[in-house]
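These notes are about the structure you will find just below.
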Amino acid sequence: MTTVDHHLHDEAPRANAPHQPRSSGSATEDPAAGSEEIPAWRDADERLRLAVEAGSIGTWDFNPLTGELEWSERCKQLFGVAPGAQPTRELFFGNIHSDDRAAVERKIAAALDPAGDGSFEAEFRIRRTDGSQRWVGCKGRALFARQGGARVATRLIGIIVDITERRRSEDYSRLLAEASTLLASSLDLEVMLAGIGRLACQRFADAVVIDLEDETGTLSRAAAVECDGGRPRLLERVRNVTPDGSTWSDKHPVARALREQQTIRLETVTPAERDEMARTDEHRVLLHEIGLSAVIVAPLVARGRVLGAISFLRTTTRPGYDVAEQFIGEELARRTATAIENAQLYRAAVAASEAKSNFLASMSHELRTPLTAIIGYEELLADGITGPVTDPQRHQLGRIKASATHLLGLIDEILTYSRVEAGSERPHFESLCVQTALEEAASIVEPLVTDRGLVLELALEPSAKGAHVQTDAQKVRQILLNLLSNATKFTERGLISLGARQEGRQLLFYVRDTGIGIAEEHQHRIFEPFWQVNSRASRKIAGTGLGLTVSRRLAQMIGGELTVDSAPGRGSTFTLELPLDGDALVNAPTAEWRTA
């Protein structure tokens with residue numbers, strides 16, 4: 001058994017001789033060398049010593065009875081203590097970070113407790129004599145002896161290793177994971193950039209500055225975050241004296257990063273380098289007041305396009321950036337650039353959608369005006385106001401009115417869709433009689449159903465008789481008419497049912513037909529704007545492809561939902577689900593209430 005094994009496993013080591021090895025047996029002589037063989041225990045101890053040195057492991061030995069503390073040379077190096085200095089208990093605890101000291105004291109007390117197993121393990125921060133901070137990991141075991149029949153801890157021995165790089169790697173891995181989560185949580189560019197700046201300030205920088213380029217290549221400040229809230233807002237003052245990057249010198253880190261499209265790391269920023277960055281005397285004073293001591297500037301590049309640059313600044317309160325931290329800065333920049341591009345694409349998509357909606361609304365209004373006039377003049381001619389009308393002429397006037405009315409319906413559908421897309425459509429809640437809603441919708445669509453040789457059936461189930469629901473009556477009527485119109489278009493023969501029933505706290509309006517049906521793979525797409533099933537049967541049907549889109553948006557606007565159950569050749573059932581209580585209406589957009 002080696003000396004270390006002896007310390008870790010003996011219940012009671014020999015008093016006052018903890019490092020004395022046990023005898024390994026009689027020594028033998030090497031006849032060839034003529035010298036005494038090295039004892040086995042000494043050979044094992046030498047191998048252990050070499051392994052400890054190779055692993056940069058420090059060893060320590062504490063006597064709780066006398067308070068004496070012994071450190072190996074490696075242990076002294078970790079704490080920044082001179083080789084000849086004598087470590088003390090006070091020195092050890094005094095160098096532990098104040099936030100970790102209490103936890104270490106508790107663990108040592110637990111290891112020395114006679115009722116415990118004597119094991120000790122802790123990870124904590126230490127402050128070296130030069131002011132730097134390191135993470136260390138300690139592992140040891142208490143040795144006990146019997147004194148007066150009682151079990152008493154006589155020694156606590158163990159090892160210590162520097163785990164700074166491991167802890168830093170773990171911390172930066174968590175930082176990157178949190179950054180990815182934060183960047184994916186919002187498409188609001190300002191909120192996203194401010195959030196990534198605050199996150200980086202917590203563990204990586206004293207200040208973060210993000211500059212973005214616009215389409216013309218002009219650089220502007222998009223975000224600036226400082227960690228020290230107690231200081232004056234120096235970055236805002238810097239921004240005021242340097243509103244854009246158009247006059248930055250070529251040596252400025254941001255200008256270099258953008259020009260070279262690579263990361264610029266200044267491990268230490270000298271006063272002379274601060275002066276080179278300054279554009280004015282006021283700017284120079286502010287840079288010195290900030291105490292800029294280290295900089296990482298990483299270009300924000302997404303799909304080969306330079307979007308701007310992100311700068312991580314450290315002041316004299318932290319050490320300079322090293323190569324490993326440059327990698328972290330580059331990774332934060334890469335993820336931020338991807339998120340910025342996504343946000344910009346989203347903004348462009350929203351702008352395009354708004355432009356489309358505005359165009360549709362404008363053109364629809366322009367088309368609606370002459371169509372209304374056409375229908376009006378047709379009615380004047382048909383009524384004989386301007387003179388007698390023959391039967392063939394009346395038939396032709398009827399064709400004109402039917403076509404104009406159909407076109408007017410399409411335009412109204414587009415107008416409704418534009419209002420919903422623009423957010424200008426608002427629900428107006430009132431009490432709606434279910435039976436009245438069914439009868440009104442049926443009376444409007446019945447002539448069209450009859451013309452196609454179909455049968456329209458009303459099915460007010462017992463559970464919904466006499467029922468009233470607080471909803472937007474006009475929107476419910478529009479949804480039912482859209483569904484009935486669709487059912488009529490896609491049903492060549494058979495029956496169309498319009499009904500309602502109550503299930504729990506929900507009222508269900510449904511339109512069921514015996515038409516061509518919808519394949520399962522298409523059912524999630526029929527609610528998309530302008531989309532229609534690409535089949536020979538559907539291509540013969542006229543329409544904008546907006547009816548179901550508008551209907552589902554209106555249903556959701558009044559706190560409900562529109563669903564479909566269908567199969568090819570079996571027909572389709574569209575169901576409008578509405579809440580019977582007010583709970584779902586709390587989330588409906590800006591409701592306006594009125595009484596019937």
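Keep in mind that this is a model prediction, so the values were computed, not measured.
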Distance-minimising heavy-atom pair for [X] and [Y]:
X      : Y      : value
Leu258 : Gly308 : CD2-O, 3.3 Å
Gly504 : Leu580 : O-CD1, 4.2 Å
Leu219 : Asp211 : CG-CB, 3.8 Å
Pro579 : Val469 : O-CG2, 3.5 Å
Gly197 : Val208 : O-CG2, 3.8 Å
Ala302 : Ala337 : CB-O, 3.9 Å

Is it true that [X] and [Y] have a side-chain N and a carboxylate O under 4.0 angstrom from each other?
X      : Y      : result
Arg203 : Glu178 : yes
Glu561 : Arg552 : yes
Arg168 : Glu325 : yes
Arg347 : Glu190 : yes

Between [Y] and [X], is there a side-chain donor-acceptor contact under 3.5 Å, judged purely by atom types and distance?
X      : Y      : answer
Tyr510 : Glu461 : yes
Gln393 : Thr390 : yes
Glu330 : Gln326 : yes
Asp214 : Thr216 : yes
Gln502 : Gln506 : no
Ser180 : Arg335 : yes
Asp565 : Thr573 : no

Any heavy-atom pair between the side chains of [Y] and [X] that's under 4.5 Å?
X      : Y      : value
Thr575 : Phe509 : no
Leu307 : Glu213 : no
Val564 : Phe527 : yes

Measure from the side-chain N and O atoms of [X] to the backbone N and O of [Y], and report whether any donor-acceptor pair falls under 3.5 Å.
X      : Y      : value
Thr491 : Asp513 : no
Ser566 : Gly571 : yes
His468 : Gly466 : yes
Gln261 : Val306 : no
Arg221 : Val209 : no
Asp383 : Ile385 : no
Ser485 : Asn482 : no
Thr549 : Glu528 : yes
Thr386 : Leu381 : no
Thr436 : Leu432 : no

Could you tell me the separation between the [atom1] atom of [X] and the [atom2] atom of [Y], rounded to the nearest 0.5 Å?
X      : Y      : atom1 : atom2 : value
Ile479 : Lys475 : CD1   : NZ    : 9.0 Å
Leu189 : Glu341 : CG    : CD    : 12.0 Å
Leu576 : Thr471 : CG    : OG1   : 7.5 Å

Sole residue of Ile444, Leu448, Leu456, Val449 in side chain to side chain contact (heavy atoms under 4.5 Å, CB included) with Leu484: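 Filter result, single survivor: Leu456.
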Worked check of side-chain contact (heavy atoms from CB on, under 4.5 Å) between Leu507 and Val434: CA-CA 9 Å; Leu507 181 70; Val434 175; 3.2 Å; yes
Working for side-chain contact (heavy atoms from CB on, under 4.5 Å), residues Ile210 and Val225: CA-CA 9 Å; Ile210 301 175; Val225 181; over 6 Å; no
CD (Glu260) with more than 12 external heavy atoms under 6.0 Å: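 Counting neighbours around CD of Glu260, more than 12 heavy atoms of other residues, nucleotides or ligands fall under 6.0 Å, so yes.
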Cation-pi check, Arg314 onto Tyr321 ring (under 6.0 Å, within 45° of axis):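 Relative to the ring axis of Tyr321, which defines the angle, Arg314 lies inside both limits.
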Derivation of the side-chain contact (heavy atoms from CB on, under 4.5 Å) call for Asp171 and Arg167: CA-CA 6 Å; Asp171 187 50; Arg167 290 297 297 245; over 6 Å; no
Centroid-centroid under 6.0 Å between Phe327 and Tyr172 rings: no
From CA spacing to verdict: side-chain contact (heavy atoms from CB on, under 4.5 Å), Lys465, Gln435: CA-CA 7 Å; Lys465 284 185 177 180; Gln435 182 173 345; 5.8 Å; no
